[in-house]
Trainee: 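Have a look at this one before I ask anything.
Residue numbers start from 1 in every chain, and the chains themselves are labelled A, B, ... in the order their sequence lines are given, proteins ahead of strands.
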There are 2 protein chains.
Amino acid sequence: MLIIFAALIIFILFMKNKEIQEARMKGYFIEATKELIKGEGLKSLSVRSIADKAGYSFATIYNYFRDVNDLVFLCVIDFQKECEEAVKQKTAHIEVGKEKLKAKIFAWAGYFVEYPGIFEVYYLAKSGELGHRQSTIELITNSLNLVIEDEWNFIKETNPNNYEVFEQKKNALQYQVIGILLLYLNRNFPSDYSEFERLLKYSVDGLFE
Amino acid sequence: MLIIFAALIIFILFMKNKEIQEARMKGYFIEATKELIKGEGLKSLSVRSIADKAGYSFATIYNYFRDVNDLVFLCVIDFQKECEEAVKQKTAHIEVGKEKLKAKIFAWAGYFVEYPGIFEVYYLAKSGELGHRQSTIELITNSLNLVIEDEWNFIKETNPNNYEVFEQKKNALQYQVIGILLLYLNRNFPSDYSEFERLLKYSVDGLFE
DNA sequence: CAAAGATAATTAACATTGTTAATCATACAA
DNA sequence: TTGTATGATTAACAATGTTAATTATCTTTG
């Protein structure tokens with residue numbers, strides 16, 4: 001009886017080690033993938049380039065991930081964290097209110113302008129069969145909302161009337177910013193950054209009349 | 001002297017024939033490409049599948065187009081014409097005014113919902129080096145504006161005040177619709193069409209308070 | 001400590017892609 | 001009829017994602 005118990009514990013510890021090792025391996029590949037995406041974007045991303053950067057053979061990836069797309073979409077979790085952190089840090093000096101909300105929106109868009117490859121992964125890359133990637137897709141479609149959640153709630157509370165209109169505007173905002181980013185990053189329109197900034201500012205301001 | 005003249009004319013006719021033949025060949029490939037894009041989208045599009053459909057060998061394409069991307073972006077010209085035609089036809093029964101403008105926006109979006117592959121080409125496909133594709137890119141970034149131009153001008157004339165705000169709203173509108181389409185077609189959000197319609201309606205209505 | 005067995009990593013191999021080079025066919029000119 | 005230009009085709013290459021076969025490593029056990 002005691003022996004069975006001991007064996008069980010050893011087995012559990014063994015499994016825990018295995019999990020740690022597996023997580024570590026996954027981390028190596030995810031880190032390599034993130035660097036490549038942030039650097040050159042999807043065009044230079046391949047199962048071979050990832051493996052090279054991680055210091056393993058390309059086939060090893062398939063011991064830890066179903067396919068290369070899985071690996072790419074796993075990076076989104078980290079990117080989102082990083083993005084939220086960057087926005088928080090860039091807007092820390094502004095006191096809560098409408099201006100801070102606007103600044104956060106700008107900072108959010110700025111993150112993707114700085115890393116166009118991440119924008120590719122978020123919105124351009126084809127997601128293949130969803131299902132097990134569903135939660136990641138939700139993270140993506142909610143990315144801006146997550147970043148501005150606090151500011152938005154604060155403003156909503158100070159203007160307790162017309163709740164419906166507020167939610168409405170939040171949606172409209174997200175679609176506009178993503179649309180502007182899409183044309184700017186993927187279609188070079190407008191062709192210079194200052195004009196892009198102006199368009200974005202107009203769009204954001206327009207929502208608060 | 002007369003002979004030189006005759007030779008010149010023959011040469012001109014010869015060149016004209018050549019041009020006709022070349023245009024015809026290009027047309028075969030463009031037609032095949034359009035069908036594939038409208039059917040299965042970019043995922044089933046390859047230089048081989050195009051050539052198969054056109055009834056030629058894959059290498060023949062390179063006698064008429066610089067590369068496969070060139071061919072794809074040439075299709076945009078036809079698609080845009082078709083889209084404008086479809087919108088015009090679908091909204092013919094509505095009398096000019098705000099409601100017709102809204103209907104046109106819906107019809108424009110509906111065209112891309114019907115052919116997600118065309119949306120891919122317009123906004124998702126990477127354009128490579130622009131330059132000789134610049135005019136196509138402009139067509140893309142102006143697609144919605146071209147479709148609603150007449151309605152927009154009509155409304156602008158009936159409300160001659162605040163010109164600036166109107167242009168502003170036109171931009172905001174385009175970005176919103178493209179953003180909604182992007183999330184719906186490429187990220188499956190929202191997951192059903194009726195909800196997509198509702199979001200679109202809200203966004204469009206919101207611009208006219 | 002050494003052999004056996006499991007696990008993990010690598011190399012080989014394949015199919016598909018875009019693209020270019022080499023080859024072949026066909027129409028026209030001399 | 002024979003040479004020549006045009007243009008269509010096949011061969012070939014490199015890069016890609018993926019799977020199968022093989023090798024190395026580590027663990028367990030006699």
Trainee: Tell me: OH of Y62(B) to P of dT6(D), nearest whole Å?
Mentor: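 Distance check: Y62(B) OH to dT6(D) P gives 23 Å.
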
Trainee: I'd like to know whether K102(A) forms a salt bridge (Lys or Arg N to Asp or Glu O under 4.0 Å) with D205(A), so could you lay out the CA-CA distance, the side-chain angles of the two residues, the decisive distance to 0.1 Å, and finally the verdict.
Mentor: CA-CA 8 Å; K102(A) 288 186 191 176; D205(A) 285 346; 2.9 Å; yes

Trainee: What integer distance in Å separates D70(A):CG from dT18(D):P?
Mentor: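 Spelled out: CG on D70(A) to P on dT18(D) is 10 Å.
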
Trainee: One pair to check against salt bridge (Lys or Arg N to Asp or Glu O under 4.0 Å): K156(A) and E149(A). What are the steps and the verdict?
Mentor: CA-CA 10 Å; K156(A) 212 161 58 178; E149(A) 206 170 32; over 6 Å; no

Trainee: At under 4.0 Å between heavy atoms, what does F58(A) touch on the DNA or RNA strands: base, sugar-phosphate, or nothing?
Mentor: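 Touches a base.
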
Trainee: When the distance from CD1 of I61(A) to P of dA9(C) is rounded to whole Å, what number comes out?
Mentor: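 After rounding, the reported distance stands at 12 Å.
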
Trainee: Give the rounded distance in Å between these two atoms: CG of D52(B) and P of dT10(D).
Mentor: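 To the nearest whole Å, that distance equals 11 Å.
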
Trainee: Give the nucleotide from the list dG17(D), dG18(C), dA20(D) with an atom nearest to the side chain of R48(B).
Mentor: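 The listed nucleotide nearest to R48(B)'s side chain is dG18(C).
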
Trainee: Given K38(A), which partner from the list E31(A), E114(A), E120(A), E82(A) fulfils the salt bridge (charged side-chain N to carboxylate O under 4.0 Å, His left out) test?
Mentor: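 When E31(A), E114(A), E120(A), E82(A) are each tested with K38(A), the salt bridge (charged side-chain N to carboxylate O under 4.0 Å, His left out) holds only for E82(A).
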
Trainee: In terms of heavy-atom contacts, does CD of E40(B) have more than 12 from other residues, nucleotides or ligands at under 6.0 Å?
Mentor: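 No, not enclosed.
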
Trainee: Rounded to the nearest angstrom, tell me the gap between atom CE in M25(A) and atom P in dT10(C).
Mentor: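 To the nearest whole Å, that distance equals 7 Å.
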
Trainee: Contact class for V68(A) vs. all strands (heavy atom < 4.0 Å): base, sugar-phosphate, or nothing?
Mentor: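 Sugar-phosphate contact only.
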
Trainee: Please report the distance, rounded to the nearest Å, between NZ in K43(B) and P in dT16(C).
Mentor: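 Those two atoms, NZ and P, are 17 Å apart.
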
Trainee: Given atom CZ of F65(A) and atom P of dA8(C), what is their separation to the nearest angstrom?
Mentor: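 After rounding, the gap between these two atoms is 14 Å.
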
Trainee: For the side chain of D67(A), starting at C-beta, report the closest nucleotide among dT10(C), dT18(D), dT9(D).
Mentor: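 Output: dT18(D).
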
Trainee: Among F106(A), F112(A), Y111(A), which one satisfies ring-ring contact (aromatic ring centres under 6.0 Å, His included) with W108(A)?
Mentor: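 Answer to the ring-ring contact (aromatic ring centres under 6.0 Å, His included) test with W108(A) among F106(A), F112(A), Y111(A): F112(A).
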
Trainee: Base, sugar-phosphate, or nothing: which does S46(B) touch, judged by heavy atoms less than 4.0 Å apart?
Mentor: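 Sugar-phosphate only.
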
Trainee: Tell me the interatomic distance from Y64(B), atom OH, to dT19(C), atom P, rounded to whole angstroms.
Mentor: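 That distance rounds to 18 Å.
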
Trainee: Look at all strands and tell whether S57(B) reaches a base, only sugar-phosphate, or nothing, counting heavy atoms closer than 4.0 Å.
Mentor: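 Base contact.
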
